[in-house]
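Remember, it's a predicted structure, so these values are computed and weren't measured experimentally.
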Amino acid sequence: MTESQDNAIPAQGDHGSDVGWFDTKFQMAEPEYLAVARAADFQRGWHVLDAGCGSGSFLPELAELVGSTGRLTALDLAPENVATVRERVEQWGFPMPLETHTGSVTALPFDDQTFDALWCANVTLYLSDAELEKAIAEFRRVVKPGGLVAIKEVDLAVTRVNPAPTGFFWHFLEATQEISVQIHGALRSQNLKRWLERAGFGSVRQQTTLIERWAPLLPVEHLYISGILAWSAKYALQTDLAREEIAIWEKLSSRDSVDSLVNHPDFYFCEGIILATGYRPS
Ligand SMILES: C[S@@+](CC[C@H](N)C(=O)[O-])C[C@H]1O[C@@H](n2cnc3c(N)ncnc32)[C@H](O)[C@@H]1O
C-alpha cells in the first residue's frame, strides 16, 4: 500500500468537514471510547497532543484527565476540522490552555520533546505502512523522554455481523484488504504493539475492547452501522465473493434498504478497538 487516499469513510481532504460522521461514530461508541481513553493512563498536569483530532470528540475527556494544571494541543490535517475544534473549544470553556494546529502526523510541526503524552485516535487506518512508520517516528520525537504515546484504532479483524453465513465478514476482508488503504490499516491495527516496539518504545501494552450492539438499534447505532456497512459494500461489490454473500452486500449498499441485514430483528454487530501504548525510553 502506498497511497492513503481511497474513497473513504469521511477522513480528510474532501471528506474532512464531515464533522457529522465523526460525531455519529463517537456517540455510537461513547462508553467504550471513553473507557479506552481513560485506560491510556494520562496524568494530571500533563501536556497532551491530540494528533488527528477530527471534530475534537476526545478533547473534553482529555481535558478532564489532565485537569486545570494540564495543557492540550490539537492537530489535524484538515483545516476545516481545526476550525470546528476552535469553535467548540470556545463553547467548552476548558480551564487549561488549548492550542490548535493544522498539520500531518507524518511531519509534526512541533519541536522535539514538546509533550508529556500523545493521543492518536482513529487516524492510523488512513496511513499507508510507510506513512505509519513516519508517524510513529514523529510521535517518538515530539514526546519527552519517558513520555507516553497512546494509539487507538479500529480492529477490523474482530468485526462480526449476524445473522450471516459463516465467515461472511472474513471473506470480505480477505477480498478487499489489498484494494483499500483503510481496510488494510484497520486490519494492521492488531499489530500496533509490534510497530511501537520496533520503533523503540518501552513498556508497550495492547488491549482490545469490543463494541457490541444488538437489534433493536438506537437511531445513532443504526446510522453508524448502516453507514459503515454501506461503505464496506462499495468494496465488496468490486470482488468475486460468493453469489449469496454479494446478495447480502447489495442490500447493505443502500442504507435505506428495508430488508438489509441491519434491519433484521436478530441483527448483531461487533467492532473491535485496539489501544496500544508505549513510553519513550528516558
Ligand atoms: C475518523 S477521524 C478521527 C478524529 C478523532 N481523532 C476521533 O477519534 O474522533 C480521522 C481524522 O484524521 C485526520 N487525518 C487523516 N490523516 C491525517 C494525517 N496524516 N495527519 C493528521 N490528521 C490526519 C482526518 O482529517 C480526520 O480528522
Spell out, as yes or no, whether a donor-acceptor pair under 3.5 Å connects the side chain of Gln238 to the backbone of Lys234.
yes
Are Phe201 and Trp195 close enough that their ring centers fall under 6.0 Å?
no
In this structure, are over 12 heavy atoms from other groups packed under 6.0 Å from Asp111 atom CG?
no
Glu32 (side chain) donor-acceptor with Ile211 (main chain) under 3.5 angstrom
no
Side chains of Tyr33 and Asn122: closer than 4.5 Å at any heavy-atom pair?
yes
How close do Cys120 and Leu118 get, heavy atom to heavy atom, and via which atoms?
CB-CD2, 4.0 Å
Should Trp92 and Leu98 count as side-chain neighbours, where that means a heavy-atom distance under 4.5 Å?
no
With hydrophobic residues grouped by side-chain heavy-atom distances under 4.5 Å, do Leu237 and Ile228 end up in a single group?
yes
Are Ile179 and Ile246 joined in one hydrophobic group, where the rule is that I, L, V, M, F, W and Y side chains link up if heavy atoms are under 4.5 Å apart?
yes
Quick one: sort the Phe42 and Trp119 rings into parallel, tilted or perpendicular, breaks at 30° and 60°.
perpendicular
Taking side-chain hydrogen bond (donor to acceptor under 3.5 Å, both in side chains) as the criterion, tell me which of Glu131, Arg188, Glu153 meets it with Thr124.
Glu153
Where do Leu148 and Val143 land on the side-chain contact (heavy atoms from CB on, under 4.5 Å) test, with the steps shown first?
CA-CA 7 Å; Leu148 166 67; Val143 296; over 6 Å; no
So which heavy atom on Val105 is nearest to which on Ala51, and how close?
CG1-CB, 3.9 Å
Taking every non-hydrogen atom, the tightest pair across Thr176 and Ala236:
CG2-N, 4.2 Å
Output, in order, the C-alpha distance, side-chain angles, deciding distance and verdict of side-chain contact (heavy atoms from CB on, under 4.5 Å) for Leu62 and Asp50.
CA-CA 9 Å; Leu62 293 176; Asp50 185 355; 4.0 Å; yes
Partners of Thr106 by side chain to side chain donor-acceptor pair (under 3.5 Å), sequence neighbours excluded?
Ser104
How long is the span from the CZ atom in Phe168 to the CH2 atom in Trp249, to the nearest 0.5 Å?
4.5 Å
Is the shortest side-chain heavy-atom distance between Leu77 and Tyr126 below 4.5 Å?
no
Heavy-atom distance under 4.5 Å between the side chains of Leu75 and Pro109, does that happen here?
yes
Considering only distance and modelled atom types, tabulate donor-acceptor pairs under 3.5 Å from the side chains of residues 154-167, sequence neighbours left out.
residue: Asp155; atom: OD1; partner: Ala157; partner atom: N; Å: 3.0
residue: Thr159; atom: OG1; partner: Leu156; partner atom: O; Å: 3.1
residue: Arg160; atom: NH2; partner: Tyr268; partner atom: OH; Å: 2.8

Find out whether Val220 and Phe26 are in side-chain contact, i.e. whether some heavy atom of one side chain is under 4.5 Å from a heavy atom of the other.
no
Residues His222, Val262; criterion side-chain contact (heavy atoms from CB on, under 4.5 Å); working and verdict:
CA-CA 7 Å; His222 192 281; Val262 190; 3.8 Å; yes
Do Arg213 side-chain atoms and Glu221 backbone N/O form a donor-acceptor pair below 3.5 Å?
no
Would you say the side chains of Asp41 and Gln43 form a donor-acceptor pair under 3.5 Å?
yes
Quick one: pull up OG1 in Thr277 and NZ in Lys193 and give me the separation to the nearest 0.5 Å.
9.0 Å
Could you list all the side chain to side chain donor-acceptor pair (under 3.5 Å) pairs where at least one residue sits in residues 198-210, not counting sequence neighbours?
none
Heavy-atom pair of closest approach, residues Leu241 and Ala175:
CD2-CB, 4.2 Å
Tell me the closest heavy-atom pair linking Ala150 and Ala40, and the distance in Å.
CB-CB, 3.8 Å
Between Glu64 and Arg38, is there a side-chain N and carboxylate O pair less than 4.0 Å apart?
no
Of all heavy-atom pairs between Gly54 and Val85, which one has the smallest distance, and what is that distance?
O-CG2, 3.3 Å
Would you sort out whether Leu132 and Ile136 count as a side-chain contact (heavy atoms from CB on, under 4.5 Å), showing the intermediate values?
CA-CA 6 Å; Leu132 178 61; Ile136 291 178; 3.9 Å; yes
Compare all side-chain heavy atoms of Thr84 with those of Glu80 and state whether any distance is below 4.5 angstrom.
no
Between atom NZ of Lys152 and atom CZ of Phe58, what is the distance when rounded to the nearest 0.5 Å?
5.5 Å
Is there a side-chain contact between Phe169 and Cys270, using heavy atoms and a 4.5 Å cut-off?
no
Do any N or O atoms from the side chain of Gln190 and from the backbone of Leu187 form a donor-acceptor pair under 3.5 angstrom?
yes
Can you check whether Phe269 reaches Leu217 side chain to side chain, under 4.5 Å on heavy atoms?
no
Only counting residues at least two apart or in another chain, list the ones meeting side chain to side chain donor-acceptor pair (under 3.5 Å) with Lys134.
none
Would you say the side-chain atoms of Asn263 pair up with the backbone N or O of Val258, donor to acceptor, closer than 3.5 Å?
yes
Would you give the length of the straight line joining atom CD of Glu174 to atom NE2 of His171, rounded to the nearest 0.5 angstrom?
6.0 Å
Kindly compute the distance separating CD1 (Ile225) from NZ (Lys25), expressed to the nearest 0.5 Å.
11.0 Å
Hey, what do you get for OG1 (Thr114) to CG (Leu49), rounding to the nearest 0.5 Å?
9.0 Å
Pairing residues for Glu138 by the side chain to side chain donor-acceptor pair (under 3.5 Å) criterion, not counting sequence neighbours
Arg141
Would you please indicate yes or no on a ring centroid separation below 6.0 angstrom for Trp21 and Tyr224?
yes
Let me have the donor-acceptor pairs involving side chains of residues 66-74, under 3.5 Å, with sequence neighbours excluded, atom names and distances please.
residue: Arg71; atom: NH2; partner: Glu99; partner atom: OE2; Å: 3.2
residue: Thr73; atom: OG1; partner: His47; partner atom: NE2; Å: 2.8

In the single-linkage hydrophobic clustering (I, L, V, M, F, W, Y; side-chain heavy atoms under 4.5 Å), do Phe115 and Val82 co-cluster?
no
Determine whether Trp170 and Trp231 fall in the same hydrophobic cluster, where Ile, Leu, Val, Met, Phe, Trp and Tyr are linked whenever their side-chain heavy atoms lie under 4.5 Å apart.
yes
Could you check whether Phe172 and Tyr235 have their ring centres less than 6.0 Å apart?
no
